[in-house]
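Input: a single structure, listed below in structure tokens.
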Protein chains: 2
Amino acid sequence: MGKNRSAPTLNDVAREAGVSTATVSRCLNSPDRVIETTRQRVMQAVESLGYTPNFAARVMAANRSYTIGAIIPTMDNAIFARGLQEFQDQLRQRGYTLLVSSSAYDPEMEREQIRTLVARGADGLLLIGHARDASIYTFLEQHQVPSLVAWSYTPEAQQPSVGFSNIEAMGELAQLVIGAGHRRIAMISGQTSGNDRAQGRVEGVKRAMAQSGLDAATLTLIETDYEIEKGADAFAQLMTLSPRPTVVMCGNDVLAAGALSEARRLGIKVPEQVSVTGFDDIELAEIVSPGLTTVHVPHREMGREAARELTAMVEGKSAGQSVCIKTRLMARHSLAEPPCQ
Amino acid sequence: MGKNRSAPTLNDVAREAGVSTATVSRCLNSPDRVIETTRQRVMQAVESLGYTPNFAARVMAANRSYTIGAIIPTMDNAIFARGLQEFQDQLRQRGYTLLVSSSAYDPEMEREQIRTLVARGADGLLLIGHARDASIYTFLEQHQVPSLVAWSYTPEAQQPSVGFSNIEAMGELAQLVIGAGHRRIAMISGQTSGNDRAQGRVEGVKRAMAQSGLDAATLTLIETDYEIEKGADAFAQLMTLSPRPTVVMCGNDVLAAGALSEARRLGIKVPEQVSVTGFDDIELAEIVSPGLTTVHVPHREMGREAARELTAMVEGKSAGQSVCIKTRLMARHSLAEPPCQ
DNA sequence: TTGTACGCGTTATCAC
DNA sequence: GTGATAACGCGTACAA
């Protein structure tokens, strides 16, 4: 409020340097279009006044903000952190600033954040997953703000995406599980409603079962929030079943860590009595005991590719090309053959 | 670029509704200052055109953005996530939007991000820790942007802060450690350069030692990045010492988790052969084995208080009041008496 | 190479 | 209660 009342403007710099505002503006935006001596004078004035361009004015005049927005479901989780850090670094190198906000897994909140970022002049948006109301995409189109979906790869979708196929990635892991001999499979999934990544992972398990001649309907499925405690609760619940599942496949490493922790509390040995798998291969997966057999997602690579593609879109160099990132299985010790009972 | 070329403006809405732009503006900002019937007409036009106020223009005209910026050292880490999520929720309730960016623990980058956020019209800024170049505070003052320091409480500092005393918090834990009988104390600290939280934690250990009649100079100290692997490396290094330390106090839970993991790899039993402690009490601390004895930091409370105080400052209702958050010891199983050798 | 002057979309101060 | 209209600070044709 009343801020910048005293902040120096282009005008102040111009007066100080004895030139016009146009010249000052040029010094800042296309230094080569102004002669060396005047430029030095101007830069000195800029320095001594501590001038910082007013961003709002700049956006309004140029209709360009060099800002990219990203809306992630949560910051309370390492899943997105690493990819996003790389995304930001790459954007910086290309002259863009990243602004992040979190939707707390709430679609309405996400819609609001998207509107906020667009109104704020974001040149492009990074969104997580495809699943959202169509009106949002209409809105983005209307405002001609390019958007790129990440953490998901769905070439047949309208929106370009950078990521991997959750179905295939989890399917491969499920094949490994089934190949190890497991038949009674349980899964602790994240909430699938409005979350195409979670849906894809469930689908991947089911397809793998069907392919191996198992009845996908026999999959015991629990949906819960992506929190350690929730994973623990769900695991405890699964262990009351009779017959018990021989393997618990988790929607991500966080849930799996919770499951492992609960197993230890219950005195159930992993993987001797029950196997557990994860997804993401965050650091956590490596340090829990036993180490988590999981799907490795190259988050950094995804962040890098997303930055490349989205800036290309913003600059009109691409109409939106989907990029597929390869995941790979990461075998550790939490998966073994089922107990021979 | 060329964005919003087709986006509807106040003018379009005004024309559609058959009123002036002033009336449309009022409908949006002070609905009670306009008669019911016209308001309905206007809102209908807003709806049908899919109008979204242009933020840059609004900021420029009102000199107020209802935006708060936060610059955190990293997103690649759960430490800040929880407090920040609560901070954002509280801000939302008060009508503000939070924009986050990460400095990757780089002072120059932090400076740049601060300038960016200020130029962008942020009404206030949340910064982590006190340690930064004085010129930054000068800059903020010049632009009359209130700033609040979090994750640190230093009432004697110029800047108001919301947080806890890292010195005292770690000091209490160190007293617990010493009280358990430990004399050969090692510490794996985060990089202390430019990081007053890390410095405070080291200082806390040293003071506790001195108070207990131990020579603080005997503290074996390793500084490293806040990463799991770095914690593991540092722990391995400490275990080569002779005589070995009987306890390894870590600068945060992430480092401690790395230490624990390395101990298991080396076949060193915790806490029987060596004790380990952490700091922060993130979820990780609970699920590693053995559970981490650590300092519990009420991140949510900190986020809440920070939001309250910063908005008060922005609205001119407070000149900047520091708030002290109480941490508490969280005893689990990674700390025990030293082995009686 | 540099300066003049207009427009970007809002809010806010006036009159009406 | 509502409508003109002047800012807000910057970029950029266009002119010099």
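Naming convention: chains lettered A, B, ... in sequence-line order (proteins, then strands); numbering from 1 in each chain.
Following rounding to the nearest Å, B/Asn54 (CG) and C/dT11 (P) show an atom-to-atom distance of 10 Å. Rounded to an integer number of Å, the gap from CZ of B/Arg64 to C1' of C/dG9 is 19 Å. To the nearest angstrom, C1' of D/dT2 lies 16 Å from CD of B/Glu36. At whole-Å resolution of the value, OH in A/Tyr66 and C1' in D/dC10 are 15 Å apart. Distance A/Ile35 CD1 to C/dG3 C1': 15 Å, rounded to the nearest Å. Atoms CE (B/Met60) and P (C/dT11) sit 12 Å apart, rounded to a whole Å. One can place CG of A/Asp12 at 13 Å from C1' of D/dC10, the figure rounded to the nearest angstrom. When rounded to the nearest whole Å, the span between CG of B/Asn63 and C1' of D/dA6 equals 16 Å.
Defined by atom type and a distance below 3.5 Å, a donor-acceptor pair is present between the side-chain atoms of B/Gln85 and A/Ser102.
Of the two residues near DNA chain C, B/Asn11 and A/Thr38, the one whose nearest nucleotide lies more 5' is A/Thr38. Both B/Gly18 and A/Arg58 sit near DNA chain D, but only B/Gly18 has its closest nucleotide nearer the 5' end.
Taking the salt bridge (charged side-chain N to carboxylate O under 4.0 Å, His left out) definition, one finds that A/Glu156 meets it with nothing, sequence neighbours left out.
Among the protein residues, B/Leu10 comes within range of the nucleic acid bases, having at least one heavy atom under 4.0 Å from a base atom. The residue A/Phe55 sits apart from the nucleic acid: no heavy atom pair falls under 4.0 Å.
Residue B/Ala57 places its side chain closer to C/dG9 than to any other of D/dG3, D/dC10, C/dG9. Side-chain proximity of B/Ser20 to D/dA4, D/dC10, C/dT11: nearest is D/dA4. The listed nucleotides are C/dG3, D/dT2, D/dG3; the one nearest the side chain of B/Val19 is D/dG3.
Annotation: side chain of A/Tyr137 is not in contact with side chain of A/Ser135 (no heavy-atom distance under 4.5 Å). In this structure the side chain of B/His299 never reaches within 4.5 angstrom of the side chain of B/Glu86, judged on heavy atoms.
Ion pair A/Asp89/A/Arg92 not flagged as a salt bridge, since none of the NZ, NE, NH1 or NH2 atoms sits closer than 4.0 Å to an Asp/Glu carboxylate oxygen.
Residues B/Ser103 and B/Met109 share a closest heavy-atom pair of O-CB, 3.6 Å. A/Glu16 approaches A/Ser48 most closely through the heavy-atom pair OE2-OG, 3.9 Å.
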What protein N or O atoms touch nucleotides 12-16 of chain C N or O atoms at under 3.5 angstrom, if any, and at what distances?
none

